[in-house]
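Everything below concerns the one structure shown next.
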Amino acid sequence: MDEKREFAKRLRKALKLGPRKIDTPSELAAQFDLLGKPVTAQAAQKWLAGTATPTPDKIAALAKWLDVSEKWLRFGVTDEIQPPRRPVALREPHQPSASEWTFIERLRRMPEARRRLVEELVEQLSLDSEIWKRP
């Protein structure tokens with residue numbers, strides 16, 4: 001049962017980053033049907049609730065549609081290299097620059113609701129490193 005719940009967590013994370021905002025199981029089922037792999041809203045609900053997992057072919061279709069590693073979606077790990085998108089300069093951990101300190105101070109002065117929005121955005125953007133192995 002834990003494996004199903006963990007899959008559901010990964011699926012919800014991937015949906016946050018997905019090509020289209022999905023709020024309900026019926027929306028997920030409708031989008032999945034467009035992939036040519038019909039699924040019921042009840043099945044999608046079970047996937048999202050962590051009471052069932054899709055068949056391997058449906059996981060493969062989901063991974064491709066959501067642009068995530070199939071192995072990550074299924075098992076939570078990956079040895080796959082992310083397909084090239086755009087060059088990203090990775091920096092080593094360092095002391096924050098003056099502009100980063102300014103950003104942090106501005107973030108701290110924000111109302112709680114806005115701070116949570118920024119935190120959610122950072123979480124979604126950093127999910128990419130969890131989904132794909134870095135070369």
Would you find a donor on one side and an acceptor on the other, under 3.5 Å apart, between the side chain of [X] and the backbone of [Y]?
| X | Y | result |
| --- | --- | --- |
| Arg10 | Leu73 | yes |
| Arg74 | Ile59 | no |
| Glu27 | Asp23 | yes |

For this session: Report the C-alpha separation of Glu6 and Phe75 in whole Å, then their side-chain angles, then the decisive distance to 0.1 Å, and conclude whether the side-chain contact (heavy atoms from CB on, under 4.5 Å) test is met.
Result: CA-CA 8 Å; Glu6 292 302 313; Phe75 304 113; over 6 Å; no
For this session: Would you please test Leu48 and Thr24 for side-chain contact (heavy atoms from CB on, under 4.5 Å) and show each step?
Result: CA-CA 9 Å; Leu48 292 169; Thr24 66; over 6 Å; no
Can you see which heavy atom on [X] is nearest to which on [Y], and at what distance?
| X | Y | value |
| --- | --- | --- |
| Ser26 | Ala41 | CA-CB, 3.8 Å |
| Arg115 | Arg108 | NH1-O, 3.2 Å |
| Pro38 | Asp33 | CA-OD1, 3.0 Å |
| Ala44 | Pro25 | CB-O, 3.4 Å |

Problem set entry | Neighbour count above 12 (heavy atom, 6.0 Å) for Lys46 NZ |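 Counting neighbours around NZ of Lys46, 12 or fewer heavy atoms of other residues, nucleotides or ligands fall under 6.0 Å, so no.
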For this session: Answer yes or no: does atom CZ of Arg114 have more than 12 heavy-atom neighbours from other residues, nucleotides or ligands under 6.0 Å?
Result: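 Count not over threshold, so no.
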For a 4.5 angstrom cut-off between non-hydrogen side-chain atoms, does [X] reach [Y]?
| X | Y | result |
| --- | --- | --- |
| Lys4 | Trp47 | no |
| Phe32 | Lys58 | yes |
| Glu3 | Thr53 | no |
| Leu11 | Leu66 | yes |
| Glu119 | Val122 | no |

Measuring from [X]:[atom1] to [Y]:[atom2], what's the distance to the nearest 0.5 Å?
| X | Y | atom1 | atom2 | value |
| --- | --- | --- | --- | --- |
| Leu62 | Phe7 | CG | CZ | 6.0 Å |
| Trp101 | Ile104 | CH2 | CD1 | 5.0 Å |
| Phe103 | Ser97 | CZ | OG | 11.5 Å |

Exercise. So, Arg116 and Glu120, do they make that salt bridge, N to O below 4.0 Å?
Worked result: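 Answer for the salt bridge query: no.
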